[in-house]
**Q** 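My questions all concern the structure below.
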Amino acid sequence: MREIVIIGAGIHRFGRFDDESYIQIGQEAARKALQDAGVAWKDIQSAYVSTQYLPSTVGPKILKPFGATGIPIMDMESACASGGSTLRQGMLSIASGAIDIALVLGVEKMPRGYMDPLQIYYPWQVDMGLSTNPSYWAMRARRHMHEYGTTEEHIAKIAFKNHKNSVHNPNAMYRKEFSMEQIQTSKLVCDPIRLLEICAPNEGAAAVVICAREAAQKYTSNPPITIAACVHTLAGYSADFRCPVDSLSAKVNNPGPTEVTSKKAYEMAGIGPQDVDCFEVQDTDAFCELEIYEQLGLCPFGEAGRLIDEGVTEIDGKHPVNMSGGLISKGEPVGASHLGQVYELVTQLRGNAGPRQVPNVRTALGQVLGASGNCAVTILKK
Amino acid sequence: MDRLSNAVPVGEGLLTTPLSPAENVRINGSRCSECGEVMLGSYKSCANCGGESMQQIPLGKRGKVWTYTVIRHQPPGQYRGPKDPFVPFAEGLVELPEGIRVVSALDCDLEKVHIGMEVELVVYELYQNEQGQPVMAFKFKAV
């Protein structure tokens, strides 16, 4: 298979932008990615656009104004993993030899407040009041606490770390440090998960220009960053317990989607979790990040609490996680979320992350997970 | 006349019929004749093994709470429970004897809800639809 590289990356800050349409937001990220690569729009041979909450033909609306060059521009969606599945499609078209260079863009502008539950739940679940997303995260957390002795303090420590990291990320929505006490006394959303421990839906965009390695020199003088793996999977039977499930098997115990997807990605990249220098992961809620440590293989099952206690996942720890501040600080513009992670990882690999820079990053991993057990893991290498 | 005689289930295929009397109604399950897995509601194929021989079974009435949380704010969308004021409730996964854990509202003291708590099925009228029919739903009550 042809090796595929990132030659440019761009972002539109994540947050709330009442004065900007999704077209302006998307165009900013796309323009920046093209400029960063030094590639003209007319050189792009295909574009893939990730979005969940926007109407039809979002990609054409954003990109055709750059010049109606006639290339295919496709909208794609896989819940919170949309950015991963979209990046993968762009890669496949290059790998097949059909094209050499593509633009991959994620963009979102979500309604304020709760997302419309009918997007992911059956109407009867909404009628019965079983449609509060954080309640599913909370039930997972409660079970983990019961089985492994994980504590509310462990969960709060994740939020503390990510809020602390966000202070140095100009692209995050919230850039404020909170004390453990502020976190642990913030409003209870669904026991044991609190307000300062969950992410908000919002707006933003991120984009990358990808091409075949052998073609990179033709397009750019940037040192190319290799996409060593980009895997998208759906959870196996009863393997994922998050919104919106209505039941689970009590007999079948299949591995979770992050475990399955990351294993495939490590294999494809020819590395293990210990070889990854830094991670950006789906901290939809603070507990979720703990569980992901285990599923990514950073520690045995049940030991994630120890990892955060020992500072292993701090920026100056052995396995830094969510240097950007994570979704808890950035917010989650669903379609843009994974490409936002990729943007952060490219910044880290280039050594341009300023005070949140992890020293000597050579390998970096991004992970997202959402509705229907959609999971994507991307591994980048310098 | 029995006021539940024209009742409908909150979701198609979720509950056994007839819906009256309510105390005889159970949650519907589908059991795969090939792998034995049981799923909530009415299915024609098995998501575990792909088998196409599914048998409808009523799920057991008694179960145990496997995990839980408390819903403290009114859920989003067209919630049909009490809204004015909203009454906080526990939500949990209830493990039933058929080897399935079902997401459900829990009718219990919010201070006393715990993993392992014994609960029993209650089928009740959640609301009246536009045709004036009682719409039946389920929850589990502490015993």
Side-chain angles (χ1 to χ4, degrees), chain A residues 111 113-147 187-195 201 234-239 241-254 285 287 372-373, chain B residues 9-12 14 27 29 35-41 46-50 59 63 65-83 86 89-105 110 113-116 126-127 129 135 137-139:
Chain A
Y114 278 114
M115 304 179 220
D116 176 7
L118 288 174
Q119 286 249 7
I120 56 173
Y121 294 93
Y122 299 124
W124 66 265
Q125 291 175 296
V126 179
D127 288 340
M128 286 169 60
L130 307 177
S131 57
T132 303
N133 290 356
S135 77
Y136 291 78
W137 316 333
M139 289 192 283
R140 285 195 81 101
R142 180 62 67 191
R143 187 67 202 179
H144 201 272
M145 291 163 80
H146 176 77
E147 284 182 20
K187 196 167 79 172
L188 206 45
V189 176
C190 289
D191 317 36
I193 304 291
R194 293 176 183 275
L195 191 62
L234 278 251
Y237 172 71
S238 197
F241 157 32
R242 62 183 46 246
C243 44
V245 299
D246 60 25
S247 61
L248 274 184
S249 173
K251 295 185 285 191
V252 173
N253 193 19
N254 284 324
D285 67 292
F287 166 73
S372 286
Chain B
V10 66
E12 200 49 48
L14 260 190
I27 299 174
C35 73
E37 272 298 293
V38 173
M39 279 140 233
L40 175 69
C46 173
N48 184 41
C49 75
L59 298 180
V65 172
W66 187 74
T67 186
Y68 68 91
T69 184
V70 176
I71 309 289
R72 295 182 185 275
H73 309 280
Q74 188 178 310
Q78 182 79 285
Y79 172 56
R80 306 286 189 171
K83 281 186 271 205
F86 169 71
F89 62 92
E91 175 188 39
L93 275 140
V94 175
E95 185 162 330
L96 298 174
E98 291 77 17
I100 181 173
R101 298 173 185 139
V102 176
V103 178
S104 174
L110 299 186
V113 57
H114 61 273
I115 289 175
L126 178 64
Y127 71 103
N129 65 17
V135 179
F138 66 85
K139 61 184 174 182

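A, B, ... follow the sequence lines: proteins, then strands. Residue 1 opens every chain.
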**Q** Please classify the contact between B/Ile100 and chain A as side chain, backbone, both or neither, with a heavy-atom cut-off of under 4.5 Å.
**A** both
**Q** With a cut-off of 6.0 Å (strictly less than), are more than 12 heavy atoms of other residues, nucleotides or ligands near OH of A/Tyr122?
**A** no
**Q** Based on non-hydrogen pairs under 4.5 Å, which of B/Ser104, B/Gly99, B/Ala105 is most in contact with chain A?
**A** B/Gly99
**Q** Supply the atom-to-atom distance B/Glu95 CD to A/Ser247 OG, rounded to the nearest 0.5 angstrom.
**A** 12.0 Å
**Q** With only heavy atoms counted, which part of B/Tyr127 is less than 4.5 Å from chain A, the side chain, the backbone, both or neither?
**A** side chain
**Q** Quick one: does A/His144's side chain get under 4.5 Å of B/Thr67's, heavy atoms only?
**A** no
**Q** Non-hydrogen atoms of chain B under 4.5 Å away: do they reach the side chain of A/Asp127, the backbone, both or neither?
**A** both
**Q** Side chain, backbone, both or neither: which part of B/Leu93 has an atom under 4.5 Å from a heavy atom of chain A?
**A** both
**Q** For B/Leu96, is it the side chain, the backbone, both, or neither that has a heavy atom closer than 4.5 Å to a heavy atom of chain A?
**A** neither
**Q** Got a sec: does the CD of A/Glu147 have more than 12 other heavy atoms crowding it under 6.0 Å?
**A** yes
**Q** Is it the side chain or the backbone of A/Tyr121 that comes within 4.5 Å of chain B heavy atoms, both, or neither?
**A** neither
**Q** For A/Met139, does its backbone N or O pair with a side-chain atom of B/Thr69 as donor and acceptor, under 3.5 Å?
**A** no
**Q** Quick one: of B/Gly77, B/Ala90, B/Ala137, B/Pro76, who has the most non-hydrogen atom pairs under 4.5 Å with chain A?
**A** B/Pro76
**Q** Under a 4.5 Å cutoff for heavy-atom pairs, which residue among B/Glu12, B/Glu98, B/Glu91, B/Gln78 has the most contacts with chain A?
**A** B/Glu91
**Q** Between A/Cys190, A/Pro123, A/Pro192, which shows the greatest number of heavy-atom pairs under 4.5 Å with chain B?
**A** A/Cys190
**Q** For a quick test of reading the model, state the closest non-hydrogen atom pair linking B/Leu40 to A/Trp124 and the distance between them.
**A** CD2-CH2, 4.0 Å
**Q** Relative to chain B, which segment of A/Leu118 carries a heavy atom at a distance below 4.5 Å: side chain, backbone, both, or neither?
**A** neither
**Q** Taking all non-hydrogen atoms of both residues, which atom of A/Ser135 and which atom of B/Ile71 are closest, and how far apart?
**A** CB-CD1, 3.4 Å
**Q** Measuring only between side-chain heavy atoms, which start at C-beta, is A/Tyr237 closer than 4.5 Å to B/Met39?
**A** yes
**Q** Tell me, for A/Leu188 versus chain B, whether the close heavy atoms (under 4.5 Å) come from the side chain, the backbone, both or neither.
**A** both
**Q** In Å and rounded to the nearest 0.5 Å, what is the CG to CE distance from B/Leu14 to A/Met128?
**A** 7.5 Å
**Q** Would you mind reporting whether B/Ile115 and A/Arg143 have side-chain heavy atoms less than 4.5 Å apart?
**A** yes
**Q** Counting only non-hydrogen atoms closer than 4.5 Å, does B/Glu37 touch chain A with its backbone (N, CA, C, O), its side chain (CB onward), both, or neither?
**A** both
